[in-house]
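These numbers come from the heavy atoms of this one structure, side chains and all, not from hydrogens, waters or symmetry mates. Throughout, a chain's letter reflects where its sequence line sits, starting with A, and its residues are numbered from 1.
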2 protein chains.
Amino acid sequence: AAAPKRRAGNGRTKIAIRRIEKKGARQVCFAKRRQGLFNKANELAVMCGAQVAAVTFSDGGKAFSFGHPSAEAVVDRFLAGGGALVQGAAADDDELKKLHQLHGELRTRLKEVKARKGRVVEAMAK
Amino acid sequence: AAAPKRRAGNGRTKIAIRRIEKKGARQVCFAKRRQGLFNKANELAVMCGAQVAAVTFSDGGKAFSFGHPSAEAVVDRFLAGGGALVQGAAADDDELKKLHQLHGELRTRLKEVKARKGRVVEAMAK
DNA sequence: GTGGCTATCATTAGTAA
DNA sequence: CTTACTAATGATAGCCA
């Protein structure tokens with residue numbers, strides 16, 4: 001008798017939260033997790049009666065968004081409120097740590113963009 | 001003899017994705033899931049090298065946000081780009097300017113928080 | 001690019017502090 | 001508001017169609 005042969009599959013394997021190097025796997029992961037993120041955002045909005053917006057730009061620069069009641073509405077309100085309240089007003093000490101981290105990320109990002117801009121300018125000179 | 005009494009708790013129970021009526025439970029749920037959402041957003045950003053922003057307003061109208069590299073940067077790009085996004089020097093130059101401004105704001109903010117923390121520490125010493 | 005599958009890891013409902 | 005705990009639900013890595 002032929003056993004109903006299970007599909008090959010090792011189940012979920014544990015992975016670290018760092019950049020996925022393989023391009024293909026990274027894209028698949030982006031698509032799946034983007035969907036998961038939007039789903040979580042929707043659940044938060046429905047269950048807690050909160051306004052939620054989530055926006056992401058893929059590696060390729062393509063934009064995706066989710067919002068309740070709409071991404072634009074929430075985003076507008078966010079900018080209008082002038083509120084640059086990061087991660088909720090936690091304890092000062094905690095917030096200080098977060099600001100330091102943000103600062104570090106910003107510096108890294110600045111360097112990246114500057115480097116890219118340099119290459120672009122150089123390319124245009126030719 | 002007193003048994004080492006486990007903490008009461010039935011573990012996670014299945015619930016429907018609809019508005020939570022009990023106010024207290026709704027607030028706790030909001031706090032937990034907001035944190036979970038931001039965590040997912042961060043993982044997506046790190047693992048897939050994508051820009052991500054998440055913004056929510058609680059029932060009480062309080063704003064919370066997360067962003068990589070920053071909520072404002074991603075949100076601005078979203079509103080500016082509308083949908084399709086262009087690459088090139090112009091886009092990079094614009095982003096560079098925004099990052100510089102953000103950097104300045106962050107430094108100001110850091111000083112403020114540090115000062116406040118100093119006052120708090122001093123107050124606690126008394 | 002999307003969707004199914006399985007085994008496994010991650011999140012979290014309910015509760016109390 | 002945040003945190004700790006337990007047990008169960010939910011999300012998903014890797015592989016294939």
Side-chain angles (χ1 to χ4, degrees), chain A residues 3-50 52 54 56-64 66 83 85-98, chain B residues 2-50 52 54 56-66 83-84 120:
Chain A
K5 205 196 248 180
R6 284 161 178 266
R7 269 177 172 267
N10 300 332
R12 181 179 187 171
T13 50
K14 183 164 189 167
I15 61 169
I17 304 298
R18 54 179 48 177
R19 179 180 177 82
I20 299 172
E21 296 301 337
K22 299 176 67 172
K23 190 175 179 181
R26 188 167 68 243
Q27 289 179 337
V28 171
C29 181
F30 178 75
K32 286 188 178 181
R33 277 177 176 268
R34 167 167 48 83
Q35 194 168 349
L37 181 72
F38 287 173
N39 184 46
K40 288 282 189 187
N42 181 54
E43 291 181 1
L44 179 63
V46 172
M47 296 173 71
C48 304
V52 182
T56 102
F57 287 89
S58 70
D59 241 358
K62 196 168 180 177
F64 298 87
F66 166 88
L85 192 50
V86 180
Q87 280 276 60
D92 282 346
D93 197 50
D94 197 24
E95 191 177 359
L96 189 63
K97 239 167 69 179
K98 280 168 184 163
Chain B
K5 209 197 245 180
R6 282 164 178 251
R7 260 171 176 264
N10 298 333
R12 182 178 187 171
T13 48
K14 183 166 189 168
I15 62 168
I17 304 299
R18 55 179 49 176
R19 179 181 178 82
I20 298 172
E21 296 300 338
K22 299 174 68 173
K23 190 175 179 181
R26 188 167 67 243
Q27 289 180 336
V28 172
C29 180
F30 179 75
K32 285 186 179 181
R33 278 177 175 270
R34 166 167 51 81
Q35 192 167 335
L37 182 72
F38 288 172
N39 183 46
K40 289 281 187 186
N42 181 54
E43 292 182 1
L44 179 64
V46 173
M47 296 173 71
C48 304
V52 181
T56 106
F57 287 90
S58 70
D59 239 358
K62 196 168 182 177
F64 297 87
S65 68
F66 167 89
V120 171

Nearest heavy-atom contact between B:Leu44 and A:Thr56 is CD2-CG2, 4.3 Å
Short side-chain N/O contact from B:Lys40 to OP1 or OP2 of D:dT12, under 4.0 Å: yes
For C:dA13 and B:Arg33 - does any side-chain N or O of the residue sit under 4.0 Å from the phosphate oxygens OP1/OP2? yes
Assign each of A:Val28 and A:Leu37 the nucleotide of DNA chain D bearing its closest heavy atom; nearer the 5' end lies the nucleotide of A:Leu37
Measure from CZ on A:Arg18 to P on D:dA13 and round the result to the nearest Å. 16 Å
Under 4.0 Å: is that the gap between some side-chain N or O of A:Thr13 and OP1 or OP2 of D:dG14? yes
Closest nucleotide of DNA chain D for B:Ala31 versus for B:Met47: which of these residues is on the 5' side? B:Ala31
Base, sugar-phosphate or nothing for A:Glu43? Non-hydrogen atoms, less than 4.0 Å. sugar-phosphate
Record whether the side chain of A:Arg12 comes under 3.5 Å of the base of D:dA11 through a donor-acceptor pair of N or O atoms. yes
Go through the N and O atoms of the side chain of A:Lys32 and the base of D:dG14, and report whether any donor-acceptor pair is under 3.5 Å. yes
Length of the NZ-C1' vector between A:Lys23 and C:dG1, whole Å: 14 Å
Nearest heavy atoms of A:Phe30 and A:Ser58, plus distance in Å: CE2-CB, 3.5 Å
Atom CG of A:Asn39 and atom P of C:dA10 are separated, to the nearest Å, by 19 Å
Minimal heavy-atom distance between B:Arg26 and B:Ile20, with the atoms involved, is NH1-O, 2.9 Å
For A:Leu44 and C:dT12, give me the distance from atom CG to atom P, rounded to whole Å. 10 Å
Between A:Cys29 and B:Met47, what is the shortest heavy-atom contact and its length? SG-CE, 4.0 Å
For the pair made of CD in B:Gln35 and C1' in C:dT11, what is the distance, rounded to whole Å? 11 Å
Atom CZ of A:Phe30 and atom P of D:dA13: how far apart are they, to the nearest Å? 14 Å
Roughly, in whole Å, what's the span from CZ in B:Arg26 to P in D:dC1? 11 Å
Any side-chain N or O of A:Asn10 less than 4.0 Å from the OP1 or OP2 oxygen of D:dA13? no
May I ask you to check whether over 12 heavy atoms, not counting those of B:Asp59, lie within 6.0 Å of atom CG? yes
What is the distance from NZ of B:Lys14 to P of D:dT6, rounded to the nearest Å? 24 Å
Please determine, for the side chain of B:Ile15, which listed nucleotide (D:dG10, C:dG14, D:dT2) has the closest atom? C:dG14
